[in-house]
Amino acid sequence: MAYLCEMERHEIKRTDVNELGEFGLIDHLTEDATIKRNSTLKSIGDDAAVLINQDEVTLVSTDLLVEGIHFDLMYTPLKHLGYKAIVVNLSDICAMNAEPSQVTVSLAISNRFSVEALEELYEGIHLACRLYNVDLVGGDTTSVNKGMIISVTAIGQAKRDNVVYRSGAKVGDIICVTGDLGSAYLGLQILEREKQIYLSTPGVQPDLEELDHIVGRQLKPEARLDAIQYMAKEGLVPTSMIDISDGLASELFHICKQSNVGAYVEESKISIHPQAEEQAIAFGINPITCALNGGEDYELLFTVDPKDLEKVKYMPDVYLIGEIIPSKDGITLHTTSGNVHPLKSQGWNHFDPDTNEN
Ligand code: ADP
Ligand code: MG
């Protein structure tokens, strides 16, 4: 079965949530929540979950997602929404150099959502939990007058000395990024464009096949747990780390501010997918602007001590994009045309494609 967004959904079967009742609904949605982690002593079903945690530290991170602000169900299939809601929280735990182990999911839903719609949402939630080997151990369910609100809390564990903060970057450290940047932002622009076309000409179905990479990066992001596990295996502990939710420039500013350092970044070292490059140009935006200021790529930005150069050099899908410099030298971008200018942190929410610098 294909997973439909509201632009495509013509639901055949529609069961009102009141038919199941609150407890019936919770039981139904969470029946696939199997326990995978030794640290989960008690999962769903009591007043609180119980986690056991021997000599490690516990990491906790929460996100709140509001319909109309953080997601648009016109073009987001509910399965993807469930998947993404989990993944973006796991990404925060990974960004601390920890393994996520449990999540809780709290939902406020209006009567617009049927049991079938919520089943799709939970299919995405359970799929992410399976793929990332985390347990869904609890949550809360309530109604709301309009729309949908999802709050996910992710819990993770790490050895105390392995936890990586934003504040640990030192002058001379190498700046590294996993994966390509800017695609999720361009995917969002495509989906917004298709929504406008649909609203003016209902029934027209978008053909997004050639845009699968960028649309996929927006609708179904992944957390870079693979990078965290690789580094653990190689005995590589970054000096600082953050996940890229608001754009590379904004995240680099966070690291520099908290570490009290500056940075230089080489434009030519930043990886941009050919589809993103092509679409940026089609929209009249410089691709590098998307990579620096587009959000939601959920890649990792981290710094490593130069003594670890050999370890990070062979790490798959990692790009060495620059170096940490003294704070007084600022945060600069060395462009492919040979210019050096201060990097601006626009942040995702303030990003306007019409104010293209170049
Ligand atoms: P309480 O009245 O103590 O808040 P609930 O009836 O809300 O308990 O929840 C019963 C159990 O189901 C608890 O273990 C809770 O964590 C879990 N739960 C409730 N809603 C959800 C949800 N949306 N997703 C996952 N687990 C949930
Ligand atoms: Mg409750």
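Keep in mind that this is a model prediction, so the values were computed, not measured. We count ligands from 1, going down the list as the structure has it; atoms in each ligand are counted the same way.
The backbone and the side chain of Thr141 each have at least one atom closer than 4.0 Å to an atom of ligand 1 (non-hydrogen atoms only). When heavy-atom distances to ligand 1 are checked against a 4.0 Å cut-off, Asp140 comes that close through both its backbone and its side chain. Contacts of Asp46 with ligand 1, taken as heavy-atom pairs under 4.0 Å, involve the backbone alone.
Checking only distances, Gly139 does come within under 3.5 Å of ligand 1, N or O to N or O. No N or O atom of Ser43 sits closer than 3.5 Å to an N or O atom of ligand 1. No N or O atom of Ile26 sits closer than 3.5 Å to an N or O atom of ligand 1. Not one N or O of Val137 is nearer than 3.5 Å to an N or O of ligand 1, by distance alone.
In summary, the atoms of ligand 1 found under 4.0 Å from a heavy atom of Thr30, numbered by their order in the structure, are 24 (N), 25 (C), 26 (N). Counting the atoms of ligand 1 from 1 in the order shown, those under 4.0 Å from a heavy atom of Asp47 are 3 (O). Each of the following atoms of ligand 1 lies closer than 4.0 Å to a heavy atom of Phe23: 6 (O). Close contacts between ligand 1 and Gly138 involve ligand atoms 16 (O), 25 (C), 26 (N), 27 (C) [criterion: under 4.0 Å to a heavy atom].
Using a 4.0 Å cut-off between a side-chain N of Lys or Arg and a carboxylate O of Asp or Glu, Asp305 and Lys170 do not qualify as a salt bridge. Glu119 and Lys13 are not joined by a salt bridge, as no carboxylate oxygen comes within less than 4.0 angstrom of a charged side-chain nitrogen.
A 4.5 Å side-chain heavy-atom check between Tyr132 and Ile93 finds every atom pair outside the cut-off. Two residues are said to be in side-chain contact when any heavy atoms from C-beta on lie closer than 4.5 Å; Leu292 and Leu333 meet this criterion.
Judged by distance alone, the side chains of Thr303 and Ser240 do bring a donor and an acceptor atom under 3.5 Å apart. Between Glu99 and Asn133, the side chains place no donor N or O within less than 3.5 Å of an acceptor N or O (distance only, hydrogens not considered). With 3.5 Å as the limit, one finds a donor-acceptor pair spanning the side chains of Asp180 and Ser183.
Relative ring orientation between His273 and His213 is described as parallel, the plane-to-plane angle staying below 30° on a 0-90° scale split at 30° and 60°.
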